[in-house]
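Shown next, in structure tokens, is the structure this report addresses.
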Amino acid sequence: EIVGSGPEPVSPDSWSGHFGIYRDEGGEPVPAEELPLVRAMGGASTDNVELYLRQPQTGEGRWVQVTARPLRGVDGAVAGGVAVLVDVSEQKRLRRRVDSDRAELARVGRLALGAGIASSAAHELSQPIAALSNYAAAAVRRDQQGRLGADECRDVLTRIESLARQAGEVLNRLRALIRRRQQTPSPVDVNAVAEACLDLMGERIRRQGVRVARRYGRDLPMPICDAVELTHVMIQLVSNALEAMTEPARGEPSLSIETGYDPRMGLIHIEVGDSGPGIDPGQAEVLFEPWQTEKPDALGIGLYVARSILEQRRGAIRIGTSAAGGALFRVELPAGPEVKR
């Protein structure tokens, strides 16, 4: 029924062409020696091999999952083979839909995160731009009054140059984070990523009066990942921590960033802790589901995207309680092969 043909005396060498057995929907025939049933007749077992069958008579195609085993006689010699074909076309379609939806969620999440980064960068840019304007205006006024000496002019220009360079660095970080590009995974310094995140979120941290405690491990191995993606994850976690501390706090709001390495597990970790109200353990897993938010201006997909990014790099993200009694998010990534900073 699946193949569209009954049992016919066809040589195994012709099975792919006769029955329409392909590697994928592109139509590349499977060589006879790779067919699960042929391998079973040769004494080899195969499990859950996905093949695409297109009926030669109708042109209709179906995906199947094939498991095959050799049949042996009483003397143990191979006497034949048996193959079980399961039609998985619908499952394949659903998997593609899920993958497509996940990709779209990730895209939307990055756009939303990019907007948040842009907002933070705008606050960070406002200070040097305002200072640039003030220095330039003051210099113009003093020059009009005939009181701008050479030394004072040189000092003003030096300050303006420094502020312009500071603004340029903010824009460069923003451009690197928001730009969509495909990167080859490479060794990443997690301490540098954590510091870059704190730099970018610096204006918001200062505005909220949050004390930051850095506890960076030394000589850490470097995980193989994308530094920009990992920075996205860190910004999401730090943003969540700052959001949690907007409510009336118990004392001074505090944020902690810790990095370390567990040689027994071969894992690098980054921990982000806050002094907010914490997270109900029963609700922890729900936070990673898309659209889970009570904020009217949020999409509720930030943590979902963060976990998706980490899982693509064989990493994980866990929730606990910080030393300050608030939430603790722990990012774990496998250490790279003997790469240290």
Side-chain angles (χ1 to χ4, degrees), residues 106 110 113 117 120 169-170 172-179 181-202 204-205 210-242 244 254-276 279 284 287-288 302-341:
R110 286 189 174 92
L113 188 55
I117 294 169
S120 178
E169 289 171 356
V170 172
N172 286 337
R173 290 201 303 269
L174 179 65
R175 187 181 300 114
L177 284 168
I178 294 181
R179 184 187 301 141
R181 78 220 195 286
Q182 201 69 22
Q183 271 205 343
T184 302
S186 58
V188 172
D189 182 347
V190 295
N191 290 347
V193 167
E195 198 61 27
C197 170
L198 291 175
D199 283 347
L200 195 64
M201 305 295 291
R204 184 175 171 186
I205 290 171
V210 176
R211 177 175 55 85
V212 178
R214 297 169 172 85
R215 293 187 286 272
Y216 296 161
R218 301 182 59 186
D219 299 323
L220 300 178
M222 294 186 179
I224 305 300
C225 59
D226 183 334
V228 172
E229 288 185 346
L230 186 56
T231 305
H232 275 297
V233 172
M234 288 295 298
I235 288 173
Q236 180 63 55
L237 298 184
V238 172
S239 294
N240 285 0
L242 295 176
S254 63
L255 173 73
S256 64
I257 308 288
E258 178 181 310
T259 63
Y261 173 54
D262 183 349
R264 295 179 299 103
M265 303 295 292
L267 293 174
I268 303 292
H269 73 259
I270 310 174
E271 291 184 350
V272 178
D274 62 60
S275 60
I279 296 172
L287 295 177
F288 294 103
L303 288 176
Y304 173 85
V305 173
R307 185 165 70 172
S308 298
I309 288 173
L310 292 170
E311 288 178 346
Q312 288 175 358
R313 305 301 180 194
R314 298 185 298 117
I317 183 168
R318 309 184 192 284
I319 297 179
T321 302
S322 71
L328 177 74
F329 285 84
R330 179 184 175 97
V331 169
E332 295 177 342
L333 285 164
E338 302 299 323
V339 180
K340 295 185 178 181
R341 65 177 181 87

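Quantities reported herein were computed from a predicted structural model and do not represent experimental measurements.
In this structure, Asp262 contributes its side chain and Leu267 its backbone to no donor-acceptor pair below 3.5 Å. Checking side-chain atoms of Thr259 against main-chain N and O of Ile270 turns up no donor-acceptor pair under 3.5 Å. With hydrogens and angles ignored, the 3.5 Å screen pairs a side-chain donor or acceptor of Asn191 with a backbone N or O of Gly217. Using modelled atom types, one side-chain atom of Ser275 and one backbone atom of Ser254 make a donor-acceptor pair closer than 3.5 Å. Looking only at distances, no side-chain donor or acceptor of Ser322 sits under 3.5 Å from a matching main-chain atom of Leu328.
To the nearest 0.5 angstrom, Cys197 atom SG is 7.0 Å from Ile205 atom CD1. Distance check, rounded to the nearest 0.5 Å: OH of Tyr261 to CG of Leu220 gives 9.5 Å. Taken to the nearest 0.5 Å, the CD1 atom of Ile309 stands 13.0 Å off from the CZ atom of Arg307. Leu255 CG to Leu198 CG: the interatomic distance, rounded to the nearest 0.5 Å, is 6.5 Å.
Atom CZ of Arg314 sits in a sparse spot, with 12 or fewer heavy atoms from other residues, nucleotides or ligands closer than 6.0 Å.
With contacts defined as side-chain heavy-atom distances shorter than 4.5 Å, the pair Val233/Leu310 qualifies. Under the 4.5 Å side-chain criterion, counting only non-hydrogen atoms from C-beta, Ile257 is in contact with Val238. By the 4.5 Å heavy-atom criterion applied to side chains, Arg204 and Ser239 are counted as neighbours. No side-chain heavy atom of Glu271 sits less than 4.5 Å from a side-chain heavy atom of Ser256. Side-chain atoms of Ile317 and Glu332, non-hydrogen and from C-beta on, never get closer than 4.5 Å to each other. Looking only at side-chain heavy atoms (C-beta outward), Val188 and Ile224 stay at 4.5 Å or farther from each other.
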Next item on the list: Check step by step if side chain to side chain contact (heavy atoms under 4.5 Å, CB included) holds for Gln312 and Cys225.
Entry: CA-CA 9 Å; Gln312 288 175 358; Cys225 59; over 6 Å; no
Next item on the list: Let me see the working for Val190 and Tyr216 under side chain to side chain contact (heavy atoms under 4.5 Å, CB included), right down to the final yes or no.
Entry: CA-CA 9 Å; Val190 295; Tyr216 296 161; over 6 Å; no
Next item on the list: Kindly indicate, with the supporting measurements, whether the criterion side chain to side chain contact (heavy atoms under 4.5 Å, CB included) is fulfilled by Val193 and Met234.
Entry: CA-CA 8 Å; Val193 167; Met234 288 295 298; 4.0 Å; yes
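Under 4.0 Å is where a charged nitrogen must lie from a carboxylate oxygen, and between Glu258 and Arg214 no such pair does. Using a 4.0 Å cut-off between charged side-chain N and carboxylate O, Arg313 and Glu311 make no salt bridge.
For Arg211, the side-chain hydrogen bond (donor to acceptor under 3.5 Å, both in side chains) partners at least two apart in sequence or on another chain are Glu252.
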